[in-house]
Trainee: 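My questions will all concern the structure given below.
Residue numbers begin at 1 in each chain, while the letters A, B, ... track the order of the sequences. Computed from a prediction, not measured in an experiment: that's the story for all the values here.
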Amino acid sequence: MTAITDRQKLAYANAQAADGRVNVEIETDEGMTLNMGPQHPATHGTLRIVAKLDGEQVISCEPIMGYMHRGYEKLVEVRTYPQINTLVNRIDWLGSFANEVPFILASEKLMDIEAPPRAQWIRTVLFEMSRLANVSLFLGDMALQLGALTPAFFAFRDREHVLNQIEAATGGRFHPNFDRIGGLKDDLPKGWIADTKKAMQKMRTFCDEIEDLIMGNEIFEARCRGVGVIPGEIAQLYGMTGSNLRASGVDWDLRRDQPVGLAWNEVDWKVWTHPDGDSFARYWVRLQETREATKIIDQLLDGLPAGPVMAKVPRIIKVPAGEAWVSTENPLGEMGYYVVSKGDLGPFRVKIRSASFNNIHIVPWVMRGVYVPDVITILASLYFILGDIDR
Amino acid sequence: MSSADGSGVPPDPAEPDTAEAVEPEPAPPVVEPEPEPEPTDELRIGLLAAVTESLGDAVVGSRIVDGDSLTIRVATPAWAEVAKVARHKLHCGFFSFLSGIDWLPSPFGRYEDSPMDEPRPVSTDIVTGVAGGDTRFQVFARVVDLDRKVGIIFKVDVPDDDLAVDTWIHTYPGANWNERETHEMYGIGFRGHPHLIKLYLPGGFEGYPLRKDFPLLARQVKPWPGIVDVEPMPDEAGSDEAAAPSEEAAT
Amino acid sequence: MTAIVLSYWQQTGIKVGLTLLLIPVGALILGWTFLLKMMSHMQSRLGPMDAGPHGVLQLVADGVKFIQKEDIFPDRADRRVFALAPFVILMSTFLLYLVVPVGPDLVAEDFSTGIFFALAVSSLSVIGILMAGWASANKYSLMGGVRAAGQLIAYELPLVLAVVGVVIQAQSLNLSDIVRAQANGEIFGISFLGNPFVITQIVGFLVFLAAVQAELTQTPFDMPVAESEIVGGYQVEYTGFRFLAFFMGEFGTAFAFAGIAATLFLGGWAVPGVDPDSNVMNVLGPIALFVKVMFVSFLIFWFRFTYPRFREDQLQKFAWTILIPISLVNILVTMVLKVAF
Amino acid sequence: MPKIPGLVKGLGVTFKTMLKPAVTVQYPYEKEEPAPRARGVIALKEDNCTVCMLCARSCPDWCIYIEGHKEKAPPRRPGGKPRTVSALDRFDIDYSLCMYCGICVEVCPFEALFWSPEYEYSEPRLADLLHDKERLGEWMETVPDFEPYEAGSTAKVLKVPR
């Protein structure tokens, strides 16, 4: 026999106990507890769902998170404003530029600075491009969760065009760190607009392909229709935002309803809603929004105003004391920063209101009485980024 | 250092926070409000009036920025009530977030001090922000009325001797995780919350990380590389040949 | 004619050896052509390119890697059952190969009830899957095993019923006879192509394909191994050569089923215009069958790489309310027409 | 026209894709050209560095380590007084900590730090990712010129000191 020391046994027992702690909390006499994650393929990241099952039916479930908690709200307290900028674009890493914008806007609000129009427009363009980079992956990923491999590869293939453009402009594919208090780090390089328009064309082709390949698929509809229905009112009370809220029939888009100075109001676009509130509606709304984003970008690029991209800003940024809240319609939903400054080089406190955290909050409510495969469908359709939950 | 009761169980939220090294002083009586122009935002003035009408004296502070924000601070006992007012009377159906704040100035700064310097004087004066405050901890939350497109930020003081306020989850179920997070990060209790366990941190974690007196270990284990380390000229200022790196050399 | 006369055990030895060899070869061919290459190109990728030209040796390399790996048993596994399960599945695959004729004389065992035998032994794999699911001492495995059992049993019926139409038309259960019936048959007097039953039995063919897809647990019926839900189902605890056995079982069975489908519906080893009993067919037959097998496999894998998967209850509903009634009607129509003509 | 079922449409999409050339780039054999602005690795122009420590101080990850000393340099104009300059002894960037934010490059007031789009410098050992000033200086050759700007821009195109 293999010799196992007492120490090893103890370590094992401890590990088991730590793991089981959560299970015990919701385990009762009957039913089976199924522990999904933190290493489960459907939780793309390290979300953990502890579900109590009756057969394949979920009686109750509890998401456990924190496996990727990085303590952003603590970290920002020891950093200066430019340093935070590079930190926050790691919150939702698929649409990272969009994370920087509300933070910068909140800081600008406190400093009473406004970025020049050209910077605002480029910000909006990059914001929408990060939406494309983020949501296009959802379009493939949800199909992947439902068992169709191919759309995921299509998504990666065509997202590349967008990422390449983001890289060409900002230098970073994933973490642009391009937004600055008072404007942008740099202007666009020559030829970028033409290339971006080509990329937008490719994204539209991608949307058509996805529509043919997966959204029109009868099996896909059978899997998604009527699964995970969230009424609009419940969604609001749980703080659900973004496409999830709009898929529940609530016509609320911060880009239109709470303008923060970016250029959305300058172009012609449409907020898509769907009355059903089920997984299919969420997929549908996101697909429409991807198309809409390409249109927004095209229009913005056509009308890009000339001028500088940076306002006059002191070299050492000290933000006057005060409190400011700015939120924008990020790819995942409402992303907001409540910045409390005391006139220092860094903020005193930053409350980061991330979208996925509140979007996932509804999971215990919506996942009662669904089947195990539906758990996957609902999780995929709610669409979260772990960094956005755990922060 | 932070309070660490060592028992491994999540501390009772109602437990008075006595283990503080720095006993929070009773806050300075009233924070001087900056002279501001009178608000002219009808919508937000109306909302404030509606809250005041429902709660009376419980509204202890407020601030309106025209077209931008409305902050209302309420008395601690009225915290649960204000949620009901917001949801049912003001029709703020959308819950945005709830969190806490610790107004104690950080004793650590940004960890950018040379170990050879004199330690900086650490202020313990508590200066609260918008809409005032009397205590070290505050809880604040934001709700939105999607029809009128207006959000309200509610603030409440958390009494220093009893770190707890009422829960919001019966009015806004979305407050559940937010309250759990605030609880684990600040040690603020939420009366009436049925499941106030840790959200992010492991079960046995001790201390409340977002409190200002909780050190950030990652910045403590390593000296700041920004300390100027330029050797002076050997013949300059008669410094000895051993030339211990001097801090003043480059500054 | 035979110059060499082999004794029974010699013959059996050769047959078993060749058949055993066919399993990995079939699995390799399907795995490389469709899983690695076709899937990659359908997804705008190239797939493995390094091991051999266009990665032809990739699966061999993978196999070698699997064999080297440690044979891990879960702590609370039922060790004997756990160890045996992959081989039960392989056995079912092996038995399938025995009855598929690849030429007029090239068939391992020419049972007169060949197709009946094939369908019977194909259900053996359920036992292996259940064993694997149960013995792994893992909730995901168990769910996968139970799902697989429910699914395989449900799809056994449409599979059998789809074949019945063919059997009625060919008036035989023997696979070689079914091939000859197609080669020598004629449709409304046109005997140029023979009578591949895919034309007259198109409904049966489609039902058979759907059922085969489910039998092979391929998307859209891959809930037993659904990696995004139950992380591989009954295979989740397997490593090394036992996992390899599962893999070979899966693709070997796909190869065999494609062979059976080709035999039943596409004329098997017969080539239009060539006398099915001429000796040249013993060389031409395997090639013809291989081409047909690849065609059927292409369909199987094409569906696999395009569709999302059903939910378990939808799968059962699909089997019981759509496939089975259709195949029953198909049988009825076939019977009526058979009597009429 | 009757609606084509989605199941058939989907098959069409995958089939069409199969006939198109793949987009894969066979990495070690062929390489994609990264954008000139890509933040691949930081190059150091040592002559320009004045050991002002700004980069080390603004680094959010504390991954730049600088040591220097004062020395006499020949006068700028003939006949002038010899100048006292700060010279680098050590300039290390720990790429295992760096998060490629580019703040150091941005704050450098003397044009001593530049981004190069090179990316192939992974190491089997974590410790080898600490690039010293010689290594960082070698990257200087790979720094591309700054690109011209898009129409409508008022920004000035800077020059990379060679």
Trainee: Are more than 12 heavy atoms from other residues, nucleotides or ligands located less than 6.0 Å from atom CZ of C:R79?
Mentor: no
Trainee: Go through A:N217, A:V375, A:V372 and name the one with the most non-hydrogen pairs under 4.5 angstrom from chain C.
Mentor: A:N217
Trainee: On the six-membered ring of A:F153, is C:R45 placed so that its NZ or CZ lies under 6.0 angstrom from the centre and within 45° of the ring axis?
Mentor: yes
Trainee: Crowded around C:K317 NZ? As in, over 12 foreign heavy atoms under 6.0 Å?
Mentor: no
Trainee: Apply side-chain contact (heavy atoms from CB on, under 4.5 Å) to residues A:I219 and C:R309 and explain how you reach the verdict.
Mentor: CA-CA 7 Å; A:I219 302 174; C:R309 74 172 73 85; 6.0 Å; no
Trainee: Taking atom CH2 of C:W32 as the centre, report whether more than 12 heavy atoms of other residues, nucleotides or ligands fall under 6.0 Å from it.
Mentor: yes
Trainee: Mind checking the OG1-CD1 spacing from C:T306 to A:I214? Nearest 0.5 Å is all I need.
Mentor: 9.5 Å
Trainee: Using 0.5 Å steps for rounding, measure from the OG atom of C:S44 to the CD atom of A:E160.
Mentor: 12.5 Å
Trainee: Any non-hydrogen side-chain atom of C:R147 less than 4.5 Å from a side-chain atom of A:P373?
Mentor: yes
Trainee: Taking the side chain from C:Q314 and the backbone from A:A222, do they hold a donor-acceptor pair closer than 3.5 Å?
Mentor: yes
Trainee: Find the distance between OG1 (A:T150) and CZ (C:R304) and round it off to the nearest 0.5 Å.
Mentor: 10.5 Å
Trainee: With a 4.5 angstrom heavy-atom cut-off, is it the side chain or the backbone of A:R223 that approaches chain C, or both, or neither?
Mentor: both
Trainee: For A:H274, is the NE2 atom crowded, meaning more than 12 foreign heavy atoms sit under 6.0 Å from it?
Mentor: yes
Trainee: Please flag which part of A:I376 lies under 4.5 Å from any non-hydrogen atom of chain C: side chain, backbone, both or neither.
Mentor: side chain
Trainee: Please state whether the side chain, the backbone, both or neither of A:Y371 comes within less than 4.5 Å of a heavy atom of chain C.
Mentor: side chain
